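Report on one structure; see the data block that follows.
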Number of protein chains: 2
Amino acid sequence: MPTADADNGPMRRALEAAQLGPRGANPLVGAVLTDEDGTILATGHHRGAGTFHAERDALRAAHSAGVTDFSRTTLYTTLEPCRHRGRQPACTDLIQEAGVPRVVTAAADPGANGGGAALLDGRGLDVVTGVLEAEATKLNHRWNLAQTQQRPFVTVHLAQTLDAKIAAADGTSQWITSEPSRRHTHRIRQRVDAILVGTNTAHIDNPRLTARNDDGELADSQPLRCVMGLREIPEDAILKQHQPEGDGWIQLRTRDPLEALRTLAGTTHGGYPVKHVLVEGGQSVLSAFFAADLVDEVFAYVAPMLLGVGRSSLGDIGVTTLAQARRFALDPTDGGAVSTMDSDVCIHLKPEPEGDACSPES
Amino acid sequence: MPTADADNGPMRRALEAAQLGPRGANPLVGAVLTDEDGTILATGHHRGAGTFHAERDALRAAHSAGVTDFSRTTLYTTLEPCRHRGRQPACTDLIQEAGVPRVVTAAADPGANGGGAALLDGRGLDVVTGVLEAEATKLNHRWNLAQTQQRPFVTVHLAQTLDAKIAAADGTSQWITSEPSRRHTHRIRQRVDAILVGTNTAHIDNPRLTARNDDGELADSQPLRCVMGLREIPEDAILKQHQPEGDGWIQLRTRDPLEALRTLAGTTHGGYPVKHVLVEGGQSVLSAFFAADLVDEVFAYVAPMLLGVGRSSLGDIGVTTLAQARRFALDPTDGGAVSTMDSDVCIHLKPEPEGDACSPES
């Protein structure tokens, strides 16, 4: 059996694999299967809510690679295996059924699905926990924070000019970003449980807030359409789709983003609780979320054009001096930190860990 | 001898090579040397004022690769060879001395150094002109425009937060961008003839406007330090370095960027005319240059932080509706369009060709 030190290498590979997945309702998780001398037989990662867990993905990859005898293998996973059947079968069962005798985990699952490592240990498997635990915990730092705060994970969409305008002085705004950027946004819309905009955006832009496929057709799964704010939404707003409130759309009658998120956490959509929200705008809503440090991930689409004056993407976020700036880091997960979409630059960001300690200024 | 169609392939390679160089005082130029069956023996490109021309770079590369007999070669160059000795020997002479019998060019040189192709033709070489001429002309579109307007080439430096702020509400601004971003700016400062800021920046930031090496030492060659505007500069401004005006620094007493550039075009620094200016800020000066469509190249350093309110990088640039937006394209020359510098994203932009047709709104 490998020593604890020898477990670091495969676990590092599992952490790398985890970063291939998207952030959102579920944490990023990676898994690696090795043989007894530490050779990697297969890797796996989680691709978001409703898809295979990383452990199952790695076991499937091993099967595909022709592995039939798991009796001398070790499964490394960056988060302890789940032990309850949810949308997916329990990973503890899958691991045992495959005949894997040894499991090494990094971080523990603090949630309702925790305890999988102890369960496997009790069933007689050789279980090692806490390998590269700090790195694994850091990877899902904001996801853990969202759990602690009993709120959905928040992804923010910023689509702006290089000088951070979302509309020209006369209000014209279609289109600032490129078609590939807008298609990318629609792919993110398909992965979230809810989209949120402010009442002002609902009035001015009258958006559909639907998720469309690359060919422009409505996607099979549509997020809950949410408008946040106290002002009433027009009767003929397109996002209502002639449906009563609660039927595909809701209004969150508050200006407090945490209150809005907690309401959403208690709301179900399509049979599942809302665990991932995409906040799209406008200025007031985005500013309130940044001010309250309730942004877990940012996709900023920067179009190479300048307007000079016009409507800014953000307003007051409670920062008066540079030391208080809301700081982010390039997020390499889910396809990379920086990509070009036609002539737009898409920048994928995560909050700087240090930033979390700041109390909201608002 | 290859047919005209067969000349397109090597010329396309020469155009690709041209894009490895930096924009500035001189146009981008690439060169390719082939043998009689079209096989590429060497490529070359120009690396900026004071360095080898592309033709000489290609011939040198051929020598290094062991080519000694040039009697059956063809030299492809994206701009016709120069025929006057300047900082560098005349390329027409170098080509003839090497014994190259055939020269293929793309664009003609409209400047004082034009006529090289006709000269070589007159000396008995086989000369073909105008191969992929449109592409070659487009590559140096803004450089040609600067020549026509009898002004230096203008590179703009934008260093800002993601929400396009250059200072927080209380004026704090050091540092928004990362150290690698600032080192990159200093490398650009070393390549230009002059740096230009507004009187406001001279007052508030009191900048040195020096070019420093990566180790922080003063570079051998220092650009002319220019302040544009009507307000007097404080006697103890650091950029004056206790020298009288004209000795390393000048004030351009105008608010009109074209007038400022024309004055610079008639100014010499270090024995050479000012052909390349880096405009660094602040808001008023940058806005005036964008409004007048006098920006030929942009390096935008975007730091992943948000300030919400504060000083914006730009003010009014004469745009009131989206259709008038100043549009740019990603510029792949000189190392690529998008790069990361620590956590900053550096976006390298060139004006959209269509944008040139717009008359300035100011």
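Quantities reported herein were computed from a predicted structural model and do not represent experimental measurements. Reminder, nothing fancy here: chain letters follow the sequence lines and each chain counts from 1.
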(message) Is a donor from one side chain sitting under 3.5 angstrom from an acceptor on the other, for B:T185 and B:R187?
(response) no
(request) Under the salt bridge (Lys or Arg N to Asp or Glu O under 4.0 Å) rule, collect the residues that match up with B:R255, sequence neighbours excluded. (result) none
(message) Given heavy-atom pairs under 4.5 angstrom as the criterion, report whether the side chain, backbone, both or neither of A:L349 touches chain B.
(response) side chain
(message) Quick check: under 4.5 Å, non-hydrogen atoms only, which of residues 333-341 of chain B neighbour chain A?
(response) B:V338, B:T340
(request) Verify the distance criterion only: is there a donor paired with an acceptor across the side chains of B:D256 and B:T254 at less than 3.5 Å? (result) no
(request) Output the distance between atom NE2 (B:H184) and atom SG (B:C346), rounded to the nearest 0.5 Å. (result) 5.0 Å
(request) Please confirm whether B:R23 makes a cation-pi placement over B:W143, using NZ or CZ under 6.0 Å from the six-membered ring centre and within 45° of the ring normal. (result) no
(message) Tell me whether B:R183 is salt-bridged to B:E179, with the criterion being a basic N under 4.0 Å from an acidic carboxylate O.
(response) yes
(request) Go through the atoms of B:A325 and report whether side chain, backbone, both or neither lie under 4.5 Å from a heavy atom of chain A. (result) both
(message) Just to verify, which of B:R142, B:H348, B:K350 counts as forming a side chain to side chain donor-acceptor pair (under 3.5 Å) with B:E297?
(response) B:H348
(message) One thing to verify: whether A:R151 and A:D296 come together as a salt bridge, which I'm taking to mean a side-chain N less than 4.0 angstrom from a carboxylate O.
(response) yes
(message) Closer than 4.0 angstrom, basic N to acidic O: yes or no for A:E352 and A:R326?
(response) no
(request) For chain B, find its close neighbours in residues 196-206 of chain A: heavy-atom separation under 4.5 Å, sorted by number, or none. (result) none
(request) Would you check if there is a donor-acceptor pair between the side chains of A:S287 and A:S284 at a distance under 3.5 Å? (result) no
(request) With rounding to the nearest 0.5 Å, note down the distance linking OG1 in A:T177 to CE in A:M305. (result) 8.0 Å
(request) Please list, in residue-number order, every residue in residues 152-164 of chain B that has a heavy atom less than 4.5 Å from any heavy atom of chain A; write 'none' if there are none. (result) B:L158, B:Q160, B:L162, B:D163, B:A164
(request) First locate atom CG of A:L209, then atom CG of A:L239, and finally report the distance between them rounded to the nearest 0.5 Å. (result) 5.5 Å
